[in-house]
**Student:** 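Take a look at this one; I'll ask things after.
Below, chain A is the first sequence line, B the second, and so on; all start at residue 1.
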Amino acid sequence: MPELPEVEVTRRSFADKIVSATIMEVRMGKPLRWPLGASAHSLVGRQVVAVRRRGKYLLLDLDEGLLLLHLGMSGSLNFAPSQVPPGPHDHMDLVTNHGVLRLHDPRRFGAVVWAPSEASPQAQKLLGHLGVEPLDGQFDLAVFAKALKKRQAAIKQVLLAGHDVVGVGNIYASESLFMAGIRPTTRASRLSGPRVAKLHAAIVQVLSRAVQQGGSSLKDFVNAEGRTGYFQLEAAVYGRAGAPCRVCATPIRSLLQGQRTTFYCPTCQKP
DNA sequence: CCATATACCTGGCAGC
DNA sequence: TGCTGCCAGGTATATG
């Protein structure tokens, strides 16, 4: 489900409400991808200082330590004023004096991990290798171009790896490459300077637009207020195999790259 | 170091 | 209907 836009939209939908709240109780459900790394009881009394995002991780800064939240493939958060009995797929409740932050995640690829600081080994194991943030002004074209020159893999897979730029998942990789006119199978190292510049701009534009639209709700994504996103309605290629390209009417094609489906227009996107 | 495959888990859907 | 197989927004880890 959640790529950078969905995680950012989720962050904005509850950050103001939970900041300065005190944790009263933590309830963990079925196991998630990783253990919490602390006893639930030890979090009681901690205060939420800020809610940040790094790549597809949400960081809840506490007055002592922080919580790293990941939504995996099927996760969503909900922030509600009062507690409702948890359903079978609700695997964490962070009960605060401002309301309850609940993680709903049927596939349980998501995670909630406590770390003593962002610089700690626990946090760095998850965040340490992440590439640059695309939307915070630090996404430098020259640095990006230099990084791509070293990558021999297909550009789609380089984007998904998140080592050079974070937040671009399966939907937005296909969409960005369409906007840039680049075939997803092209080796990253072979892209010309102008084409890398187009891709750089396309990534920023696609992700920004998706945030504006509340993310993509392909199936079940909702923000912490329960609202769906609308970007899927304007997807150019994702999920549109066989349908006519919105630019040239050529049927959109799909292929597998590293076990993930990629969508592209064979006419608009050049190798 | 680099690139690719695997594992984790549940639900929905197409096809028989 | 009910079964089977496949697919799904991610990513650390293992393997070549």
Side-chain angles (χ1 to χ4, degrees), chain A residues 1-11 29-35 37 53-58 68-77 87-92 103-113 115 121-131 147-176 184-190 206-207 210-211 213-223 228-235 237-242 254-263:
Chain A
M1 168 210 317
E3 303 180 33
L4 183 149
E6 290 74 32
V7 177
E8 177 60 18
V9 163
T10 297
R11 189 189 70 79
K30 288 187 184 174
L32 294 165
R33 175 153 194 182
W34 298 294
R53 180 187 55 71
R54 179 74 179 97
K56 299 170 191 171
Y57 288 90
L58 282 176
L68 291 88
L69 275 60
H70 200 288
L71 302 179
M73 290 277 266
S74 59
S76 61
L77 290 172
H89 301 303
D90 296 328
H91 303 302
M92 184 211 62
L103 174 65
H104 176 84
D105 185 7
R107 292 176 72 180
R108 291 190 280 128
F109 288 175
V112 182
V113 175
Q122 297 97 307
Q124 283 302 303
K125 181 183 143 191
L126 303 179
L127 306 177
H129 57 88
L130 295 183
L148 292 192
K149 274 281 169 262
K150 297 177 186 166
R151 304 287 183 191
Q152 300 307 305
I155 182 61
K156 158 85 175 332
Q157 304 201 241
V158 169
L159 294 179
L160 284 188
H163 298 316
D164 301 319
V165 60
V166 289
V168 182
N170 211 36
I171 298 176
Y172 301 112
S174 283
E175 293 299 315
S176 298
T185 46
T186 307
R187 277 175 189 265
S189 61
R190 299 184 61 114
V206 165
L207 294 179
V211 170
Q213 291 297 94
S216 294
S217 293
L218 288 188
K219 187 178 164 190
D220 51 15
F221 171 72
V222 288
N223 69 21
T228 59
Y230 298 95
F231 186 84
Q232 73 281 4
L233 300 176
E234 51 191 72
V237 291
Y238 188 85
R240 299 192 66 241
S254 70
L255 58 84
L256 274 184
Q257 288 181 284
Q259 330 289 67
R260 315 294 304 279
T261 305
T262 302
F263 299 88

**Student:** Between C/dA8 atom C1' and A/R240 atom CZ, what is the distance in whole Å?
**Tutor:**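 Checked: the CZ to C1' distance equals 19 Å.
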
**Student:** Search all heavy atoms of A/P2 against all heavy atoms of A/L71 and return the closest pair with its distance.
**Tutor:**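 Minimum heavy-atom separation between A/P2 and A/L71: CG-CB, 3.2 Å.
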
**Student:** Relative to the 5' end of DNA chain B, which residue comes earlier, A/K30 or A/Q157, by the nucleotide with the nearest heavy atom?
**Tutor:**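 Residue closer to the 5' terminus by nearest nucleotide: A/Q157.
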
**Student:** Which part of the nucleic acid, if any, lies within contact of A/Q152, taking any heavy atom under 4.0 Å across all strands shown: a base, the sugar-phosphate backbone alone, or nothing?
**Tutor:**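 Result for A/Q152 = sugar-phosphate.
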
**Student:** Using a 5.5 Å cut-off between ring centres and planes within 30 degrees, is A/F109 stacked on the base of C/dG10?
**Tutor:**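 Given the distance and angle limits, yes, they stack.
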
**Student:** As a test of reading the structure: which of B/dC9, C/dG10, C/dA12 is closest to the side chain of A/E3, going by heavy atoms?
**Tutor:**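 That would be C/dG10.
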
**Student:** For residues A/L103 and A/L69, determine if any side-chain heavy atom of one lies less than 4.5 Å from a side-chain heavy atom of the other.
**Tutor:**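 No, side chains not in contact.
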
**Student:** Using the side-chain hydrogen bond (donor to acceptor under 3.5 Å, both in side chains) criterion, which residues pair with A/D105? Sequence neighbours excluded.
**Tutor:**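 Applying side-chain hydrogen bond (donor to acceptor under 3.5 Å, both in side chains) to A/D105 gives A/S74.
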
**Student:** Once you round it to whole Å, what is the distance between C1' of C/dT11 and CG of A/L71?
**Tutor:**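 Between C1' of C/dT11 and CG of A/L71: 13 Å.
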
**Student:** Under 3.5 Å for both distances, Watson-Crick or G-U wobble, that's the pair rule; now give the dot-bracket for DNA chain C, with | marking pairs to another strand and [ ] for crossing ones.
**Tutor:** .|||||||.|||||||

**Student:** Please give the distance between the P atoms of B/dG11 and C/dT11 as a whole number of Å.
**Tutor:**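 B/dG11 and C/dT11 have their P atoms separated by 22 Å.
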
**Student:** Please state how far atom CE in A/M73 lies from atom P in B/dA7, giving the value in whole angstrom units.
**Tutor:**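 From A/M73 CE to B/dA7 P: 16 Å.
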
**Student:** Could you list all N or O pairs between the protein and nucleotides 3-6 of chain C that sit under 3.5 Å apart?
**Tutor:**
none

**Student:** Are A/R54 and A/V166 close enough that some pair of their side-chain heavy atoms sits under 4.5 Å apart?
**Tutor:**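 Side-chain contact under 4.5 Å: yes.
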
**Student:** Examine the base of B/dC9 for any acceptor or donor lying under 3.5 Å from a partner atom in the side chain of A/R108, and report the outcome as yes or no.
**Tutor:**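 Counting by modelled atom types and ignoring angles, no donor-acceptor contact under 3.5 Å is found here.
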
**Student:** Are OP1 or OP2 of C/dG10 and a side-chain N or O of A/H70 less than 4.0 angstrom apart?
**Tutor:**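 Answer no for this pair, as no side-chain N or O of A/H70 is under 4.0 Å from OP1 or OP2.
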
**Student:** Please list, chain by chain and in numerical order, all residues satisfying ring-ring contact (aromatic ring centres under 6.0 Å, His included) with A/H91, sequence neighbours excluded.
**Tutor:**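 Partners of A/H91 under the ring-ring contact (aromatic ring centres under 6.0 Å, His included) test: none.
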
**Student:** Can you give me the closest heavy-atom contact between A/L160 and A/A173, atom names plus distance?
**Tutor:**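 Of all heavy-atom pairs spanning A/L160 and A/A173, the closest is CD2-CB, 4.2 Å.
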
**Student:** Please confirm whether the shortest side-chain N or O distance from A/T261 to OP1 or OP2 of C/dA8 is below 4.0 Å.
**Tutor:**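 Yes, such a contact exists.
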
**Student:** Give every pair of a protein N or O atom and an N or O atom of nucleotides 13-16 of chain C that lie under 3.5 Å apart, one pair per line with the distance.
**Tutor:**
| from | atom 1 | to | atom 2 | distance (Å) |
| --- | --- | --- | --- | --- |
| C/dT13 | OP1 | A/K125 | NZ | 3.4 |

**Student:** Taking salt bridge (charged side-chain N to carboxylate O under 4.0 Å, His left out) as the definition, give me every residue that meets it alongside A/R11, ordered by chain and number, with sequence neighbours left out.
**Tutor:**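 So A/R11 forms a salt bridge (charged side-chain N to carboxylate O under 4.0 Å, His left out) with A/E8.
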
**Student:** Figure out the CD/C1' separation between A/Q259 and C/dT11, and round it to whole Å.
**Tutor:**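 The answer, rounded to whole Å, is 14 Å.
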
**Student:** Mind listing the N/O atom pairs, protein and nucleotides 11-15 of chain B, below 3.5 Å?
**Tutor:**
| from | atom 1 | to | atom 2 | distance (Å) |
| --- | --- | --- | --- | --- |
| B/dG11 | OP1 | A/H89 | NE2 | 2.9 |

**Student:** Using a heavy-atom cut-off of under 4.0 Å over every strand shown, decide if A/Y57 touches base, sugar-phosphate, or nothing.
**Tutor:**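 Since only primed, P, OP1 and OP2 atoms lie under 4.0 Å of A/Y57, the category is sugar-phosphate.
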
**Student:** Could you state the atom-to-atom distance from CD of A/Q257 to P of C/dC7 in whole Å?
**Tutor:**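 Roughly 16 Å, once rounded to whole Å.
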
**Student:** Under the side-chain hydrogen bond (donor to acceptor under 3.5 Å, both in side chains) test, which residues partner A/Y172, sequence neighbours left out?
**Tutor:**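 Testing A/Y172 for side-chain hydrogen bond (donor to acceptor under 3.5 Å, both in side chains), a comparison that skips the adjacent residues, returns A/E6, A/S216.
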
**Student:** Between atom CG in A/D90 and atom P in B/dT10, what is the gap in whole Å?
**Tutor:**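 Atom CG in A/D90 sits about 15 Å away from atom P in B/dT10.
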
**Student:** Between C/dG9 and A/K56, is there an OP1 or OP2 to side-chain N/O distance shorter than 4.0 Å?
**Tutor:**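 So the side chain of A/K56 is outside the cut-off, no N or O lying under 4.0 Å from OP1 or OP2 of C/dG9.
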
**Student:** Taking atom P in both B/dT6 and C/dC6, compute the distance separating them and give it to the nearest angstrom.
**Tutor:**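 Roughly 14 Å separates the two P atoms.
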
**Student:** Quick one: which residue pairs count as a salt bridge (Lys or Arg N to Asp or Glu O under 4.0 Å) with a foot in residues 152-174 of chain A, not counting sequence neighbours?
**Tutor:**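 Found A/R151-A/D164.
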
**Student:** Sequence neighbours left out, what passes salt bridge (charged side-chain N to carboxylate O under 4.0 Å, His left out) with A/R33? Give chain and number order.
**Tutor:**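 By the salt bridge (charged side-chain N to carboxylate O under 4.0 Å, His left out) rule, A/R33 matches no residue at all.
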
**Student:** If you take all heavy atoms of A/A154 and A/Q257, which pair is closest and at what distance?
**Tutor:**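 Scanning both residues, the minimum pair turns out to be CB-NE2, 3.4 Å.
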
**Student:** Quick one: A/R54 CZ to C/dT11 P, roughly how many Å, whole number?
**Tutor:**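 Nearest whole value for this atom pair: 12 Å.
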
**Student:** Under 4.0 Å, heavy atoms only, any strand: does A/R260 hit a base, just the sugar-phosphate, or nothing?
**Tutor:**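 Base contact.
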
**Student:** Remember a base hit wins even if backbone is also touched, and classify A/H129 as base, sugar-phosphate or nothing at under 4.0 Å, heavy atoms.
**Tutor:**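 The residue A/H129 makes sugar-phosphate contact but no base contact.
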
**Student:** Compare every heavy atom of A/L4 with every heavy atom of A/K56, then report the nearest pair and how far apart it is.
**Tutor:**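 So the minimum-distance heavy-atom pair works out to CG-N, 4.1 Å.
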
**Student:** Donor-acceptor pair, A/S254 side chain versus A/T261 backbone, under 3.5 Å?
**Tutor:**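 Here the side-chain-to-backbone pair does not exist.
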
**Student:** Check the distance between C/dG10's P and A/L159's CG and give it to me in whole angstrom.
**Tutor:**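 Distance check: A/L159 CG to C/dG10 P gives 12 Å.
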
**Student:** Considering residues at least two apart in sequence or located in another chain, which fulfil the ring-ring contact (aromatic ring centres under 6.0 Å, His included) criterion with A/F109?
**Tutor:**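 Not a single residue meets the ring-ring contact (aromatic ring centres under 6.0 Å, His included) criterion with A/F109.
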
**Student:** Among all residues two or more places apart in sequence or in another chain, which pass the side-chain hydrogen bond (donor to acceptor under 3.5 Å, both in side chains) test with A/Q124?
**Tutor:**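 None.
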
